Amino acid sequence: MSYIIRPWATRDLKDVMRLIRECAKAHGALDQVRTTPEMLRDHGFGKESTFGCLVAELPSEQKSKSGHTIIGYQFHYLSYCTWDGHILFGEDLYVMPDFRGKGIGTSLLKKAAKVALEKGCSQFRFISASWNQPAMDFFTKLGALDVTFSSSWNLCHLDGDHVRKLAEKVGK
Ligand SMILES: CC(C)(COP(=O)(O)OP(=O)(O)OC[C@H]1O[C@@H](n2cnc3c(N)ncnc32)[C@H](O)[C@@H]1OP(=O)(O)O)[C@@H](O)C(=O)NCCC(=O)NCCS
């Protein structure tokens, strides 16, 4: 099976949105997806693009049963660590079930690691659900360290109303 890994283009917006929803569904979180193809276009291709995305693409004669050629994706963005300088943060990594175990996920991460080096990053970080042992095994095999345990780091989110409430306290 042949495939290519390439940076996404605006023609991929619908496919990437489809895969984002598939990935969220696999995490039991489809109801939490609020992004739209329009948002992805504005945030990913606008003047101040905030992230990059890589896609795995099959030749058209090898398309999936459902008729798709874009069968995997990986999102990443630049972040900054006060101890290390620039780091790359990998948001999602997803390959459609029928195409797993063929090296595509690894190829997506390899290409993302290249992006990290090209952008002068000293680290490539990503998160994985604690129940997702296959994904943890996959990342560990590539040399990733689970800092939740090794360094006792916890990931914290401040969502919606809490962000607003905090911002409203400016000057009070
Ligand atoms: C994790 C994931 C991206 C790996 O993609 P992939 O294309 O199957 O990865 P590769 O073929 O490069 O590597 C497969 C390796 O990962 C392991 N693996 C992990 N999850 C797997 C799965 N669901 N199916 C098949 N292999 C899986 C295999 O054992 C294999 O190990 P090996 O190299 O020793 O044979 C893919 O399983 C996936 O999309 N999972 C659902 C989403 C997810 O969990 N994303 C990661 C957290 S955001």
Side-chain angles (χ1 to χ4, degrees), residues 1-9 12-37 39-40 43-44 50-79 81 87-117 119 121 123-159:
M1 194 194 60
S2 61
Y3 61 88
I4 57 162
I5 307 292
R6 60 166 175 81
W8 75 331
D12 304 315
L13 280 163
K14 272 197 181 147
D15 276 307
V16 170
M17 193 73 237
R18 165 180 58 83
L19 294 177
I20 288 173
R21 294 178 66 80
E22 275 189 32
C23 185
K25 196 172 175 193
H27 284 78
L30 187 53
D31 58 328
Q32 291 176 44
V33 179
R34 287 181 281 270
T35 41
T36 61
M39 284 167 75
L40 294 182
H43 301 158
T50 47
F51 62 84
C53 176
L54 296 166
V55 292
E57 183 175 38
L58 299 173
S60 56
E61 64 276 12
Q62 289 177 27
K63 59 174 99 129
S64 72
K65 283 182 220 148
S66 44
H68 300 293
T69 54
I70 303 293
I71 44 105
Y73 76 102
Q74 197 280 330
F75 258 83
H76 50 263
Y77 51 86
L78 266 189
S79 185
C81 172
I87 58 173
L88 195 76
F89 200 95
E91 184 69 23
D92 291 2
L93 171 69
Y94 182 77
V95 174
M96 286 171 72
D98 282 355
F99 299 95
R100 290 181 192 164
K102 300 177 194 307
I104 300 174
T106 306
S107 296
L108 281 162
L109 273 194
K110 277 190 207 163
K111 196 75 173 243
K114 204 157 172 229
V115 171
L117 282 188
K119 292 187 180 292
C121 298
Q123 246 187 58
F124 183 18
R125 292 186 184 175
F126 29 85
I127 50 171
S128 179
S130 57
W131 52 261
N132 197 348
Q133 197 55 47
M136 280 312 301
D137 293 345
F138 171 81
F139 291 137
T140 307
K141 238 189 263 177
L142 295 174
L145 208 61
D146 185 348
V147 294
T148 315
F149 298 110
S150 66
S151 310
S152 303
W153 286 109
N154 289 319
L155 185 70
C156 300
H157 283 188
L158 206 57
D159 283 337

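Just follow the structure's listing: the first ligand is 1, and inside any ligand the first atom is 1. Nothing here was measured: the structure is a model prediction, and the numbers come from that model.
Contacts of A135 with ligand 1, taken as heavy-atom pairs under 4.0 Å, involve the side chain alone. Contact annotation: for T106 versus ligand 1, heavy atoms closer than 4.0 Å belong to both the backbone and the side chain.
Atoms NZ and CG, on K114 and L54 in that order, are 11.0 Å from each other to the nearest 0.5 Å. With values rounded to the nearest 0.5 angstrom, I5 atom CD1 is found 7.0 Å from I104 atom CD1. In this structure, the separation between CD1 on I70 and CG on L13 is 11.0 Å, given to the nearest 0.5 Å. The structure places CG of L145 at 9.5 Å from CD of Q123, a figure rounded to the nearest 0.5 Å. The CZ atom of F126 sits 5.5 Å away from atom CG of L109, with the distance rounded to the nearest 0.5 Å. Put simply, CD on E57 and OH on Y3 are 13.5 Å apart, with the number rounded to the nearest 0.5 Å.
Contact check for L108 versus V95: side-chain heavy atoms found under the 4.5 Å cut-off. Looking only at side-chain heavy atoms (C-beta outward), W131 and M136 stay at 4.5 Å or farther from each other. At least one side-chain heavy atom of I20 sits under 4.5 Å from a side-chain heavy atom of L40. Two residues are said to be in side-chain contact when any heavy atoms from C-beta on lie closer than 4.5 Å; R18 and H68 meet this criterion. Two residues are said to be in side-chain contact when any heavy atoms from C-beta on lie closer than 4.5 Å; S64 and D98 fail this criterion. The shortest side-chain heavy-atom distance between E91 and F51 does not fall under the 4.5 Å cut-off.
Ligand 1 has a nitrogen or oxygen under 3.5 angstrom from a nitrogen or oxygen of L93. Considering backbone and side-chain atoms together, D92 places no N or O closer than 3.5 Å to any N or O of ligand 1. An N or O contact shorter than 3.5 Å links V95 to ligand 1 by distance. Where the criterion is an N or O separation shorter than 3.5 Å, residue side chain and backbone included, S128 fails it with respect to ligand 1. Among the atoms of K141, some N or O lies under 3.5 angstrom from an N or O of ligand 1. Between K102 and ligand 1, a contact under 3.5 Å exists for at least one N or O pair. Remark: ligand 1 and G105 share an N or O pair separated by less than 3.5 Å (distance only, no angle test). Inclusion of C23 in the set of residues having an N or O under 3.5 Å from an N or O of ligand 1 is not warranted.
Residue, atom and distance of the protein heavy atom nearest to atom 4 (C) of ligand 1 are F138 CE1, 4.0 Å. When only non-hydrogen protein atoms are considered, atom 41 (C) of ligand 1 lies nearest to R100 NH2, 3.5 Å. Protein heavy atom in closest approach to atom 18 (N) of ligand 1: P134 O, 4.5 Å.
Distance screen at 4.0 Å: atom 12 (O) of ligand 1 has a protein heavy-atom neighbour inside the cut-off. Closer than 4.0 Å to atom 43 (C) of ligand 1 lies at least one heavy atom of the protein. For atom 28 (C) of ligand 1, the protein comes within 4.0 Å by no heavy atom at all. Under the 4.0 angstrom criterion, atom 2 (C) of ligand 1 counts as lacking any protein heavy-atom contact.
Contact annotation: G103 has at least one heavy atom less than 4.0 Å from an atom of ligand 1. Ligand 1 lies nowhere less than 4.0 angstrom from a heavy atom belonging to M96.
Within ligand 1, counting atoms from 1 as listed, the ones closer than 4.0 Å to a heavy atom of N132 are 43 (C), 44 (O). For ligand 1, the atoms closer than 4.0 angstrom to any heavy atom of G101 are 6 (P), 7 (O), 8 (O), 11 (O), 25 (C). Of all atoms in ligand 1, numbered sequentially from 1 with element shown, those under 4.0 Å from a heavy atom of Y94 are 39 (O), 42 (C).
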Derivation of the ring-ring contact (aromatic ring centres under 6.0 Å, His included) call for Y77 and F75: CA-CA 7 Å; Y77 51 86; F75 258 83; 8.8 Å; no
